[in-house]
Amino acid sequence: MTMPNRSIMGSMHMGLEEEPGGFTKLAKFYAERAEGGAGLIVTGGISPNRAGKLAPHGAALMRSSQAAKHREVTDAVHAADGRIALQILHGGRYSYHPFCVAPSKGKAPIGKFSPWALSGRGVERTIQAYVRCAVLAREAGYDGVEVMGSEGYLINQFLVRRTNHRSDQWGGEFSQRVRFPEEIVSRIRQACGPDFAIMYRLSMLDLVEEGNGWGEVVEQAQVIEAAGADIINTGIGWHEARIPTIAAMVPRAGFAWVTKKLMGQVDLPLVTTNRINMPEVAEQVLADGCADLVSMARPWLADGDIMAKAIEGREGEINTCIACNQACLDRTFKGQVAGCVVNPRAGRETEFTKAAPQGLEGRYAVVGGGPAGMSTALELAKRGATVDLYEAQEKLGGQFLLAHQIPGKEEFAETLRYYQHELDRHGVRIHLGTRFEPTDVGAAQEKGDPFKAVAWCAGIRPRVPSIPGNDLPIAVPYDKVLRGEVEVGQRVALIGAGGIGFDVADFLSHPHGEETVDGFRKSWGIDGNLEHDGGLIEPQRPDNGRTLYLLQRKEGKPGKGLGKTTGWIHRLTLRFRGVKAIPGVTYKAIEPTGIRIEVGDKEQFLELDNVVFCSGQLSNNEPVEALEATGIPVSVIGGAKVAYGIDAERAIREGFEWARSL
Ligand SMILES: Cc1cc2nc3c(=O)[nH]c(=O)nc-3n(C[C@H](O)[C@H](O)[C@H](O)COP(=O)(O)O)c2cc1C
Ligand code: SF4
């Protein structure tokens, strides 16, 4: 197989695989990425049989009639001069239905269903299903397959003592446990011939107790090489591991060191992955000898042209994945179609053309330079309109300016960099430190340069809760804290335990040093020397000495509404740092030295230096009525329309969709 570059688009189950008309959408999605420079695309995981489906209606490839549907995808990718491999993924005990199977009984900590233990015959039939799936993939026109051996799915479950308690030829010593993937790979090679690529995704760091030791990882790689694989890809951490592996607090290329340890142990090319989100990061990883190839997954959602832009020296135009998981993995885990916060077209390529339709004439005012305003202004300008973007602050960014102060959310700065670059490139006239007034509509008209419409994207402001004493000097809104306008003391209570409350708690409890790969490893207990099974050691969690209370009115677990794949990380982080979360609070009064609250029937007084309001937001939309009275069409977009939840995905999407609708 010839590869134009050393980049791989990593596997992402998009949720389109199960949608009516999904193959047409996937075909367009992948073809655009092939045109955008992906060396090899790996599809999202597809089950080889019924038991392995991740959900009752999950995608499987078991019959020729199903293979025929994949043709649309492979033809589209090949027409775009790309290469594509199908990922074969059997969920094992992670499958979300009552017919799930595993090497041995035992429900996964994150699972709902207890698996059936496979019989010896069942193991044999499962191996045959993998082989049949690979043969069908070949029939469907794929250039190869990736056998998914990591992240805690079925193959991983065979490999470790944690989940394999068998006493037959598929259990016991590692040489027996590794036979399951060995048989799968060698029989696929036999059935599909030498000119069909086999990539194997190998769990190099399980991050669970009773996971594989490093010696077993090396042995597995050698066995898989001998069985006939062409490439070994890296898998990091089981889904049930309580260590972040792809979320934003993982430093860039934070696990490339693991792949590097395997370099030289096999002759096959090795692929490294996770949090490699910009071409320069990939280049560094390759230059450091960490791997032969680099896989990026989410960065291809954020920007379908990422590699083409890098190759052509247009890095400034790259829309960078900020590792938020909000519109991609969080949705996949809820059985929804994946998208992307920073790229509203991701997964919707058939709905919106890649090139913005031209010919939008006239002058538009966009009020507010946060995510909604920047997205709206950019799309209007791409369509050919003259765009004036007004921002009352001295910098573009709105809530993103605050967000990138939060530890682990530094990547938001990339979105600001991207928009600044693109707004300039597309000639948007940016007016910083300028408050747009309804009278500006008439003034523009009088000058003979009228606006055709106003996009009102003025965002939100923090809500001050009505608690007696809310105007005392110790009480401050969160935005002032994040902007550094207020230096808070050592004893602080946060009112409101939603997303903002958690972010501010993280900001105020953060010990410095966790942002380096070494600091990250230490604080989460990852064994950098790989001497312990599963790669786990005792975490070292330094304390920054601040006493923090996270208060919420609601009963129940604080942080319940946080993202599906990241909420647990935030909750754990604050627990490790000793943040005291108190639900079911009635606020009595803020006093000069603290806050009086009632929990249950008990009144208590917390002695504090500061109380920080993280209790929701209000839309900045007061001038909209006066604007509409001028007769000009006004569209209210993003937080200015609905303040709840400060949803950047909605803000960016609404701006884009409105500009496309004109
Ligand atoms: C929406 C989504 C779906 C994914 N589905 C799969 C999958 O089906 N199989 C798989 O091996 N990995 C899957 N992954 C994990 C990615 O392959 C990759 O390991 C992970 O996103 C880290 O790489 P990145 O930082 O380049 O995104 C998925 C990731 C996302 C975001
Ligand atoms: S939603 Fe967030 S994590 Fe997912 S691809 Fe987009 S920017 Fe990256």
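Numbering of ligands and ligand atoms starts at 1, following listing order. All heavy atoms count here, side chains included; hydrogens, waters and symmetry mates do not. Residues take their numbers from the sequence shown, with the count starting at 1.
In terms of polar-atom proximity, defined here as any N/O pair under 3.5 Å, Arg275 does make such a contact with ligand 1. Annotation: Leu329 places no N or O atom under 3.5 Å from an N or O atom of ligand 1; distance criterion only. Inclusion of Arg201 in the set of residues having an N or O under 3.5 Å from an N or O of ligand 1 is warranted. Where the criterion is an N or O separation shorter than 3.5 Å, residue side chain and backbone included, Ala338 fails it with respect to ligand 1. Residue Ser11 has at least one N or O atom closer than 3.5 Å to an N or O atom of ligand 1.
When only modelled atom types and interatomic distance are considered, Tyr94 and Glu240 share a side-chain donor-acceptor pair under 3.5 Å. Between the side chains of Thr259 and Thr234, at least one donor N or O lies within less than 3.5 Å of an accepting N or O. No donor-acceptor contact under 3.5 angstrom links the side chains of Glu151 and Ser203, judged on distance only. Side-chain contact check for Asn156 and Ser150: no donor-acceptor pair (N or O, by modelled atom type) lies under 3.5 Å. With no hydrogens or angles considered, no side-chain donor-acceptor pair links Arg132 and Asn49 at under 3.5 Å.
Under a cut-off of 6.0 angstrom, the local environment of NZ in Lys309 is crowded, with over 12 non-hydrogen atoms contributed by other residues, nucleotides or ligands.
Among the backbone and side-chain atoms of Cys321, an N/O/S atom is found under 2.8 Å from atom 8 (Fe) of ligand 2.
Summary of contacts: the protein heavy atom closest to atom 2 (Fe) of ligand 2 is Cys324 SG, 2.3 Å. The protein non-hydrogen atom at the shortest distance from atom 3 (C) of ligand 1 is His13 N, 3.3 Å. The single protein non-hydrogen atom nearest to atom 7 (S) of ligand 2 is Ile322 N, 3.4 Å, given as residue, atom name and distance. Among all non-hydrogen protein atoms, the one lying nearest atom 1 (C) of ligand 1 is Thr332 OG1, 3.2 Å. The protein heavy atom nearest to atom 8 (O) of ligand 1 is Gly45 N, 2.9 Å. Of all protein heavy atoms, the one closest to atom 1 (S) of ligand 2 is Val341 N, 3.3 Å. Among all non-hydrogen protein atoms, the one lying nearest atom 6 (Fe) of ligand 2 is Cys340 SG, 2.4 Å. Closest to atom 4 (Fe) of ligand 2, if we only count protein heavy atoms, is Cys328 SG, 2.3 Å. Nearest to atom 3 (S) of ligand 2 among the protein's heavy atoms is Asn325 N, 3.0 Å. Nearest non-hydrogen protein atom to atom 20 (C) of ligand 1 is Ile246 CG2, 3.9 Å.
Note on ring orientation: taking the six-membered ring where Trp is involved, the planes of Tyr130 and His90 are parallel (angle under 30°, cut-offs 30° and 60°). The aromatic rings of Phe158 and Phe180 lie parallel to each other, their planes meeting at an angle below 30°, with 60° marking the opposite boundary.
Inter-residue side-chain proximity for Arg275 and Arg252 is flagged as met; some heavy-atom pair is nearer than 4.5 Å. Side-chain contact between Tyr96 and Leu54 is absent, with no heavy atoms from C-beta onward closer than 4.5 Å. At least one side-chain heavy atom of Met263 sits under 4.5 Å from a side-chain heavy atom of Leu270.
Only the side chain of Leu301 comes within 4.0 Å of ligand 2, counting heavy atoms alone; its backbone N, CA, C and O stay farther away. Using a 4.0 Å cut-off between heavy atoms, Ala323 contacts ligand 2 through its backbone alone, with no side-chain atom that close. Contacts of Pro299 with ligand 1, taken as heavy-atom pairs under 4.0 Å, involve the side chain alone.
In the vicinity of Met148, heavy-atom distances shorter than 4.0 Å reach the ligand 1 atoms 10 (C), 11 (O). Remark: ligand 2 atoms within the under-4.0 Å shell around heavy atoms of Ala327 are 1 (S). In the vicinity of Thr273, heavy-atom distances shorter than 4.0 Å reach the ligand 1 atoms 23 (O). With ligand atoms numbered from 1 in the order given, ligand 1 contributes 26 (O) to contacts under 4.0 Å with heavy atoms of Met296.
Both the sub-6.0 Å distance and the 45° axial angle are satisfied by Arg521 relative to the ring of Trp257.
Each of Val342, Asp647, Thr565 was compared with Gln326 under the side-chain contact (heavy atoms from CB on, under 4.5 Å) criterion, and only Asp647 meets it.
Proximity of the aromatic rings of Tyr142 and Phe196 is defined here by a centroid distance below 6.0 angstrom, and this criterion is not met.
Nearest to atom 26 (O) of ligand 1 by heavy-atom distance, out of Gly235, Gly91, Ala282, Ala297, is Ala297. Ranked by closest heavy atom to atom 25 (O) of ligand 1, the top entry among Arg298, Met9, Gln87 is Arg298.
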Do Arg201 and Val147 pass the side-chain contact (heavy atoms from CB on, under 4.5 Å) test, and can you show the C-alpha distance, the side-chain angles, and the key distance before you say yes or no? CA-CA 6 Å; Arg201 193 160 196 191; Val147 176; over 6 Å; no

